[in-house]
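Just below is one structure, and these are the notes that go with it.
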Amino acid sequence: MPHIQVTTRDGEIRELDVAASGFLMEALRDANIDGVEAICGGCCSCATCHVYIDAAPAGTLPPVSSDEEMLLSGLVSTPGRSRLSCQIPVTAELDGLKLTIPPDS
Ligand code: FES
């Protein structure tokens, strides 16, 4: 069960143990993390699951797809750090991931 550290919009540090299945957006939504609305349900069409990746175990994040890149370009995003959490599968190897919920944009 991977352990994930989340810095919320309020600056609170949340420590989550999440199931190694599904996608990161689902784990954040299920943990009631504020700012992860995921309006499109993970179809890569809304960008309301935007996160900043602070640290990730090497080789665990999939490459940014062209659809994801297009959505990120419409946000106040941080290149190299911004990702859509619905595009990141949760695997056991994701243990140690640290992320921050961006300010509302
Ligand atoms: S949930 Fe809509 S783009 Fe991720």
Side-chain angles (χ1 to χ4, degrees):
M1 186 171 267
H3 183 85
I4 292 173
Q5 185 183 86
V6 179
T7 302
T8 70
R9 283 185 174 159
D10 295 335
E12 177 189 359
I13 305 291
R14 295 272 309 270
E15 305 284 346
L16 306 178
D17 291 312
V18 300
S21 64
F23 290 87
L24 183 57
M25 172 275 283
E26 297 164 327
L28 297 172
R29 188 185 56 191
D30 292 350
N32 295 316
I33 300 294
D34 186 42
V36 182
E37 296 164 10
I39 292 169
C40 78
C43 296
C44 199
S45 63
C46 73
T48 60
C49 63
H50 179 206
V51 298
Y52 293 149
I53 301 296
D54 299 320
T60 56
L61 300 183
V64 178
S65 70
S66 57
D67 286 347
E68 183 179 0
E69 190 172 321
M70 186 181 70
L71 284 173
L72 289 173
S73 70
L75 301 174
V76 178
S77 61
T78 305
R81 192 172 170 224
S82 286
R83 292 299 305 260
L84 297 179
S85 58
C86 71
Q87 301 302 299
I88 300 175
V90 178
T91 63
E93 290 72 30
L94 213 57
D95 186 57
L97 180 78
K98 295 181 180 180
L99 64 89
T100 296
I101 305 301
D104 199 7
S105 55

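Excluded from the calculations below are hydrogen atoms, water molecules and symmetry mates; all remaining heavy atoms, backbone and side chain alike, are included. Every number for a ligand or one of its atoms is a count from 1 in the order of the listing.
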Test item: Glu12 and Thr7 side chains (from C-beta on) under 4.5 Å apart, heavy atoms:
no
Out of curiosity, Ile33 CD1 to Cys49 SG, how far, rounded to the nearest 0.5 Å?
14.0 Å
Listed protein N/O/S atoms, distance to atom 2 (Fe) of ligand 1 under 2.8 Å
Cys40 SG, Cys46 SG
Any side-chain donor paired with an acceptor under 3.5 Å for His50 and Ser82?
yes
Using residues 60-67 as the side-chain source, report each donor-acceptor pair under 3.5 Å to any protein atom, sequence neighbours left out, with the distance given to one decimal.
{"unit_1": "Thr60", "atom_1": "OG1", "unit_2": "Pro57", "atom_2": "O", "d": "2.7"}
{"unit_1": "Ser65", "atom_1": "OG", "unit_2": "Glu68", "atom_2": "N", "d": "3.1"}

For residues 89-99, tabulate all N or O donor-acceptor pairs below 3.5 Å that involve a side-chain atom, not counting sequence neighbours.
{"unit_1": "Thr91", "atom_1": "OG1", "unit_2": "Glu93", "atom_2": "N", "d": "3.4"}
{"unit_1": "Thr91", "atom_1": "OG1", "unit_2": "Glu93", "atom_2": "OE1", "d": "3.3"}
{"unit_1": "Asp95", "atom_1": "OD1", "unit_2": "His3", "atom_2": "N", "d": "2.7"}

side-chain hydrogen bond (donor to acceptor under 3.5 Å, both in side chains) pairs touching residues 28-43, sequence neighbours excluded, are none
